[in-house]
Engineer: 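Below is a structure I'd like to ask you about.
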Amino acid sequence: DEIVNYAITKGLKIHGHALIWHESTPDWLVDYKGTDTEFELEVKNYITAVVTRYKDKVTSWDVVNEAVADAGGTLRNTIFKQRMGDDYMVKCFKWAREADPNCKLFYNDYGQDGKPKKMQAILDLVADFKKRNVPIDGLGLQMHVNINSKNEAILEVINQSVATGLSVHFSELDVAVNPKNNPDFVYDDLAKDEQLNKFLMLFNAFKSIPKGQQYGITFWNVGDKDSWLRGYFKRPKENPLLFDDSYARKPAYKVLYQTLK
């Protein structure tokens with residue numbers, strides 16, 4: 001509530017992340033002893049309660065996060081799939097829409113570039129939703145990339161997403177400069193230039209998206225010292241963001257700001 005109210009007082013748009021994510025499920029639900037019908041009701045009540053509480057405040061939600069497996073293009077065998085069936089995402093999106101008819105509903109995932117089967121599974125999901133009139137407004141492309149990521153593969157995923165007609169959100173952007181976790185890595189001018197070039201490619205790609213489908217760009221943390229790459233992946237010499245350890249703007253900030261203008 002405090003975060004939402006702060007954002008409202010500052011006139012900021014609020015994106016909700018995420019209603020359903022298999023890695024952020026409480027133990028009591030994972031170990032739920034009730035029937036599958038009762039399990040489903042717990043999920044429905046949760047989505048309804050959260051979305052209703054922030055109705056007209058949170059303007060968009062990642063309804064389901066990372067539901068497609070990296071290999072093979074199949075759904076992850078999560079507790080939600082096990083207890084609610086293959087159509088569990090359909091139910092979640094419908095419940096979210098019933099709770100707030102005006103907010104935008106997104107499916108969010110990572111690593112589609114270089115994984116054509118995964119991307120095709122997401123495109124098939126969107127096509128199926130549209131065929132059955134399941135509410136979905138946008139796709140979140142997480143954009144956890146690095147200076148060695150292949151531009152062609154990233155641009156292909158962006159173009160495929162645009163072709164769905166949905167809004168496109170660069171939802172978890174960071175550009176890693178030390179993806180191999182080299183202990184001797186130095187964040188020098190060369191690394192900064194390579195990083196800026198990758199940022200510029202992404203920002204220009206976003207600008208090329210039709211205006212009506214441009215949802216936004218969200219960075220994954222603010223300053224380098226807060227980056228999940230340092231914590232989750234234990235890469236202390238990583239500088240993937242636009243603000244340094246002291247939250248000072250890097251030189252790339254101004255360039256990218258001018259690019260968006």
Side-chain angles (χ1 to χ4, degrees), residues 3 7 10 12-13 15 17 62 65-66 70 108-116 118-119 139-162 167-211 213-261:
I3 291 170
K10 298 295 183 181
L12 301 174
K13 184 169 63 175
H15 177 73
H17 173 86
D62 290 329
N65 188 50
E66 300 176 1
D70 287 343
N108 192 58
D109 216 323
Y110 70 93
Q112 295 93 323
D113 52 300
K115 297 185 179 72
K118 180 173 186 175
M119 186 60 195
L139 288 175
L141 309 180
Q142 289 188 16
M143 292 300 175
H144 292 301
V145 300
N146 64 71
I147 56 176
N148 299 322
S149 297
K150 295 181 179 179
N151 290 356
E152 297 79 8
I154 296 171
L155 291 171
E156 182 179 8
V157 166
I158 295 171
N159 291 333
Q160 288 174 305
S161 300
V162 170
S167 294
V168 178
H169 182 199
F170 291 5
S171 59
E172 302 182 22
L173 175 58
D174 46 25
V175 176
V177 289
N178 187 20
K180 294 184 179 180
N181 199 17
N182 177 4
D184 300 318
F185 173 79
V186 177
Y187 190 42
D188 56 17
D189 288 343
L190 177 60
K192 292 174 183 177
D193 286 344
E194 291 178 331
Q195 183 183 49
L196 174 58
N197 288 334
K198 192 67 67 176
F199 274 130
L200 281 170
M201 184 276 293
L202 291 169
F203 273 50
N204 283 318
F206 185 82
K207 284 183 68 175
S208 72
I209 295 172
K211 286 285 187 182
Q213 291 178 259
Q214 293 177 4
Y215 187 68
I217 300 174
T218 303
F219 282 81
W220 208 236
N221 284 120
V222 178
D224 285 338
K225 73 175 182 179
D226 302 319
S227 172
W228 74 302
L229 297 176
R230 292 193 186 181
Y232 186 83
F233 285 109
K234 296 179 173 59
R235 280 154 48 182
K237 292 191 174 182
E238 187 57 83
N239 305 81
L241 299 165
L242 288 184
F243 295 81
D244 64 19
D245 285 26
S246 301
Y247 301 110
R249 295 174 180 175
K250 297 179 184 178
Y253 180 99
K254 185 175 181 180
V255 178
L256 294 175
Y257 182 79
Q258 293 298 326
T259 300
L260 279 187
K261 287 179 69 178

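Bear in mind that the values here come from a model prediction, so they are computed numbers and not experimental data. These numbers come from the heavy atoms of this one structure, side chains and all, not from hydrogens, waters or symmetry mates.
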Engineer: Heavy-atom distance under 4.5 Å between the side chains of Q195 and K198, does that happen here?
Structural biologist: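 Q195 vs K198: side chains apart.
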
Engineer: To check you understand the geometry: which heavy-atom pair defines the closest contact between N182 and D184, and what is its length?
Structural biologist: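 Smallest heavy-atom distance, with atoms named: OD1-N, 2.9 Å.
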
Engineer: With a 4.5 Å heavy-atom cut-off, do E194 and N148 have their side chains touching?
Structural biologist: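 Answer no - side chains too far apart.
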
Engineer: State, yes or no, whether a side-chain contact exists between D245 and R230 at a heavy-atom distance under 4.5 Å.
Structural biologist: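 They are in contact (side-chain heavy atoms under 4.5 Å apart), so the answer is yes.
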
Engineer: What residues form a salt bridge (Lys or Arg N to Asp or Glu O under 4.0 Å) with D109, not counting sequence neighbours?
Structural biologist: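 For D109 the salt bridge (Lys or Arg N to Asp or Glu O under 4.0 Å) partners, ignoring immediate neighbours, are K118.
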
Engineer: Between D224 and L241 (side chain of the first, backbone of the second, donor and acceptor by atom type, cut-off under 3.5 Å), is there such a pair?
Structural biologist: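 Pair found, side chain donor or acceptor close to backbone of L241.
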
Engineer: What distance do I158 atom CD1 and Q112 atom CD have between them, rounded to the nearest 0.5 Å?
Structural biologist: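 It comes to 10.5 Å.
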
Engineer: With a 4.5 Å heavy-atom cut-off, do K250 and L256 have their side chains touching?
Structural biologist: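 A side-chain contact under 4.5 Å is absent here.
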
Engineer: Pick one: which of L202, I209, N204 meets side chain to side chain contact (heavy atoms under 4.5 Å, CB included) with F206?
Structural biologist: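 Exactly one option meets the side chain to side chain contact (heavy atoms under 4.5 Å, CB included) with F206, and it is I209.
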
Engineer: May I ask you to test the Y247-K225 pair for a side-chain heavy-atom distance under 4.5 Å?
Structural biologist: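 Yes, their side chains come closer than 4.5 Å.
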
Engineer: Counting C-beta onward and ignoring hydrogens, is there a side-chain heavy-atom pair between L155 and M201 closer than 4.5 Å?
Structural biologist: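 Counting from C-beta outward, L155 and M201 do come under 4.5 Å.
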
Engineer: Is there a donor-acceptor contact under 3.5 Å from the side chain of K150 to the main chain of G114?
Structural biologist: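 Looks like no, no N/O pair under 3.5 Å.
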
Engineer: Please work out whether the ring planes of W220 and H144 are parallel, tilted or perpendicular, with thresholds of 30° and 60°.
Structural biologist: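 Aromatic pair W220/H144 classed perpendicular.
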
Engineer: With a cut-off of 6.0 Å (strictly less than), are more than 12 heavy atoms of other residues, nucleotides or ligands near CZ of F233?
Structural biologist: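 Enclosed: over 12 neighbouring heavy atoms sit under 6.0 Å from CZ of F233.
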
Engineer: Rounded to the nearest 0.5 Å, what separates atom CG in L12 from atom CD1 in I3?
Structural biologist: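 So the CG of L12 and the CD1 of I3 are separated by 12.0 Å.
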
Engineer: Examine the side chains of N178 and Y187 and answer whether a donor and an acceptor come within less than 3.5 Å of each other.
Structural biologist: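 Judged by distance alone, the side chains do not pair up.
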
Engineer: Between Q160 and M119, is any pair of side-chain heavy atoms under 4.5 Å apart?
Structural biologist: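 Side-chain contact under 4.5 Å: yes.
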
Engineer: With a 3.5 Å distance limit and no angle check, can you tell me whether E172 reaches the backbone of F219 through a side-chain donor-acceptor pair?
Structural biologist: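 Flag not set: sc E172 to bb F219 has no pair under 3.5 Å.
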
Engineer: Write down the atom of A191, the atom of D188, and the distance for their closest heavy-atom approach.
Structural biologist: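 Smallest interatomic distance, heavy atoms only, reads N-OD1, 2.9 Å.
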
Engineer: Does the plane of the ring in F243 sit parallel, tilted or perpendicular to the ring in Y253? Use 30° and 60° as the thresholds.
Structural biologist: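 Aromatic pair F243/Y253 classed perpendicular.
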
Engineer: Pick out which of N108, L139, L141, I217 makes a side chain to side chain contact (heavy atoms under 4.5 Å, CB included) with S171.
Structural biologist: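 It is N108; the other options fail the test.
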
Engineer: Which of these, H169, Q142, H17, sits in a side chain to side chain donor-acceptor pair (under 3.5 Å) with T218?
Structural biologist: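 By the side chain to side chain donor-acceptor pair (under 3.5 Å) criterion, T218 pairs with just one of H169, Q142, H17: H169.
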
Engineer: Check for a donor-acceptor pair, side chain of S246 on one end and backbone N or O of A248 on the other, with a separation under 3.5 Å.
Structural biologist: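 Side chain of S246 to backbone of A248, a donor-acceptor pair under 3.5 Å: no, none is there.
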
Engineer: Return the CD1 to CG distance between I147 and L196, rounded to the nearest 0.5 Å.
Structural biologist: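 Going from CD1 on I147 over to CG on L196, the span is 12.0 Å.
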
Engineer: Measuring only between side-chain heavy atoms, which start at C-beta, is L242 closer than 4.5 Å to F199?
Structural biologist: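 Counting from C-beta outward, L242 and F199 do come under 4.5 Å.
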
Engineer: Does NZ in K237 sit with more than 12 non-hydrogen atoms of other residues, nucleotides or ligands closer than 6.0 Å?
Structural biologist: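 Above 12, so yes.
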
Engineer: On the ring face of Y215, is K13 found with NZ or CZ under 6.0 Å from the centre and within 45° of the axis?
Structural biologist: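 Yes, cation above the ring, under 6.0 Å and within 45°.
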
Engineer: Which value, rounded to the nearest 0.5 Å, describes the distance between R235 atom CZ and S227 atom OG?
Structural biologist: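 These two atoms lie 8.0 Å from each other.
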
Engineer: side-chain contact (heavy atoms from CB on, under 4.5 Å) for N239 and F185? Distances and angles first, verdict last.
Structural biologist: CA-CA 11 Å; N239 305 81; F185 173 79; 4.3 Å; yes

